[in-house]
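Just below is one structure, and these are the notes that go with it.
Here the structure is a predicted model, which means the values were calculated and not measured.
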Amino acid sequence: MGKIEFLQKYSQDIQMVSLEDETIENFPNYWIEALSKVTPTERKNRIVEEWKKYPYQFQSTTNYLFANLVDVELVKEKNNHALLYTVKNIRGEEVYYIGYNPLAKITPKYFDQLPSSFKDIYNKLHNGWVYFASKANGLLPIEDTIVLSDEDWGILEEIEITSLPFKLDNSVGLFDNGMGDYASVDLKSTNEKEGFIWWHTKAPKLNIEIWAVIDEWTKIGIER
C-alpha cells in the first residue's frame, strides 16, 4: 500500500501537493525553505533546524526527529495545508505525523491567556503536531483544544471537585494522549511552567512541569 492510500484510510480529503502548485503567501518562511529543498535529507535538516529553536518545549522530540525523521512533504486536507512528517519508530517502521500551518489557525477566545511558551509554538512552529491516524498523541491544533468544563467526565462522581486548585472552566486540555486524558493548564495560574494531567479514570496529577510531560509523551508516541 502506498503512502497516500494509507493516509486516505483515515482521511479521504488528504492529498499530496506541490509547493509550486499552491499559493504560498500564508506559509511560514521555514516551510517554503524546507519544501524548496531537493532531497529528503535537505528537507529534514531544515525542519529539524526550526524545531531546535524550541528546546524548552521539545528537546527530546527534536532529538528523536533528528535521528529518525525520513522526510517532510506538503499535504492539503479540506483546503488546509500541513506538513506531513514521515518518521521511523523504534521498530524501524514508518509512521506519519502532521503539523498544521501556524499562520492559518483560528484562535479561541482563551488563546491569549495561554502561557507564552505555548503561543510561541502555535504562532511560529505548528498549529498542533499530531499522529495522523488518530489526530492525537501530540499537541492539539488550537481549534481542537478543549475547555475541561465543556466535556462530561464520569470521574467527577469520584473526586471532590471543590478541593482542586483550579476550576474546570478555566482549564484547557492541550495534549490528547488518545485515551481520553489531557495534559492541561490552568489559565488563571501565575506559574507558566506548571500544569496538570487530567485523567478520565482517576484524580488529576497536579503540579507537573507541563512541557516536560508533553515532550516525553510526544516522543513516546512516535517510538511506539
### Message
Can you see whether E20 engages S18 through a side-chain donor-acceptor pair at a distance of less than 3.5 angstrom?
### Response
yes

### Query
Taking the six-membered ring for Trp, are W31 and H126 parallel (under 30°), tilted (30 to 60°) or perpendicular (over 60°)?
tilted

### Query
Stepwise, does the side chain to side chain donor-acceptor pair (under 3.5 Å) test hold for Y54 with S117?
CA-CA 9 Å; Y54 307 97; S117 58; over 6 Å; no

### Message
One thing to verify: whether K202 and E158 come together as a salt bridge, which I'm taking to mean a side-chain N less than 4.0 angstrom from a carboxylate O.
### Response
no

#### Entry: Polar contact flag, side-chain donor to acceptor under 3.5 angstrom, E194-S189
no

### Message
Could you work out, with salt bridge (Lys or Arg N to Asp or Glu O under 4.0 Å) as the rule, every residue matching E33, not counting sequence neighbours?
### Response
R46

### Task
Run the salt-bridge test on E73 and R43 with the 4.0 Å N-O cut-off and return the result as yes or no.
no

### Query
Is there a side-chain contact between S171 and V147, using heavy atoms and a 4.5 Å cut-off?
no

### Task
Please lay out, stage by stage, how F196 and F166 fare under the test ring-ring contact (aromatic ring centres under 6.0 Å, His included).
CA-CA 10 Å; F196 61 94; F166 54 82; 3.9 Å; yes

#### Entry: Side-chain (Y100) to main-chain (V130) donor-acceptor, under 3.5 angstrom
no

### Query
So, do V72 and L84 sit near enough that their side-chain heavy atoms are less than 4.5 Å apart?
no

### Message
Keeping D215 on the side-chain end and T61 on the backbone end, is there a donor-acceptor pair under 3.5 Å?
### Response
yes

### Task
Group every Ile, Leu, Val, Met, Phe, Trp and Tyr by side-chain heavy-atom contacts under 4.5 Å, then state whether L65 and V75 land in the same group.
no

#### Entry: Mutual orientation of the aromatic rings belonging to Y97 and W129 [parallel < 30°, tilted 30-60°, perpendicular > 60°]
parallel

### Query
Are any side-chain N or O atoms of N207 and backbone N or O atoms of G195, one a donor and one an acceptor, separated by less than 3.5 Å?
no

### Summary
salt bridge (Lys or Arg N to Asp or Glu O under 4.0 Å) pairs touching residues 115-135, sequence neighbours excluded, are E77-K135, D120-K124

Throw together a table of side-chain donor-acceptor distances under 3.5 angstrom for residues 217-224, partners on residues two or more places apart or in other chains.
residue, atom, partner, partner atom, Å
T218, OG1, I214, O, 2.6
K219, NZ, E223, OE2, 3.1

### Query
Do K52 and F58 meet the cation-pi criteria used here (NZ or CZ under 6.0 Å from the six-membered ring centre, within 45° of the axis)?
no

### Task
Return yes if some donor-acceptor pair links the side-chain N/O of Q12 with the main-chain N/O of Q8 below 3.5 Å, else return no.
yes

### Task
Hey, can you tell me if Y96 and F6 have their rings parallel, tilted or perpendicular (30° and 60° cut-offs)?
tilted

### Summary
Taken in chain and number order and not counting sequence neighbours, the residues that satisfy salt bridge (Lys or Arg N to Asp or Glu O under 4.0 Å) with E94 are none

### Message
So does V38 get a backbone contact from the side chain of E42, meaning a donor-acceptor N/O pair under 3.5 Å?
### Response
yes

### Query
Any side-chain donor-acceptor pair under 3.5 Å between K44 and T39?
no

### Query
Could you go step by step and tell me if T162 and E160 meet the side chain to side chain donor-acceptor pair (under 3.5 Å) rule?
CA-CA 6 Å; T162 57; E160 180 52 62; 2.6 Å; yes

### Query
So, the side chain of S184 versus the backbone of Y182: is there a donor-acceptor pair under 3.5 Å, distance only?
yes

### Query
Which residues pass the ring-ring contact (aromatic ring centres under 6.0 Å, His included) test with W199, sequence neighbours left out?
none

### Message
Please check: side-chain N/O of D181 versus main-chain N/O of N177, any donor-acceptor pairing under 3.5 Å?
### Response
no

### Residue pair L174 / L139, side-chain heavy-atom distance below 4.5 Å
yes

#### Entry: Worked verdict on I155 versus W198 for side-chain contact (heavy atoms from CB on, under 4.5 Å)
CA-CA 10 Å; I155 190 61; W198 182 258; 3.9 Å; yes

### Task
State whether the number of non-hydrogen atoms from other residues, nucleotides or ligands found under 6.0 Å of E157 atom CD is greater than 12.
no

### Message
Counting neighbours of CG on L156 that are heavy atoms of other residues, nucleotides or ligands and sit closer than 6.0 Å, is the number greater than 12?
### Response
yes

### Message
With side chain to side chain donor-acceptor pair (under 3.5 Å) as the criterion, how do D71 and T86 come out once you've worked through the C-alpha distance, each side chain's angles and the decisive distance to 0.1 Å?
### Response
CA-CA 5 Å; D71 200 359; T86 302; over 6 Å; no

### Query
So, do N137 and D176 sit near enough that their side-chain heavy atoms are less than 4.5 Å apart?
no

### Task
Answer yes or no: is there a donor N or O on one side and an acceptor on the other, between the side chain of E5 and the main chain of G2, under 3.5 Å?
yes

### Message
Applying salt bridge (Lys or Arg N to Asp or Glu O under 4.0 Å), can you list everything that pairs with D13, at least two apart in sequence or on another chain?
### Response
none

### Query
Can you find a side-chain donor-acceptor pair between K105 and N123 that sits under 3.5 Å?
yes

### Ring-ring centroid check F66 W51, cutoff 6.0 Å
no

### Message
Set out, in order, the CA-CA distance, both residues' side-chain angles and the distance that settles side chain to side chain donor-acceptor pair (under 3.5 Å) for H81 and N101, then state yes or no.
### Response
CA-CA 6 Å; H81 291 92; N101 187 351; 5.9 Å; no

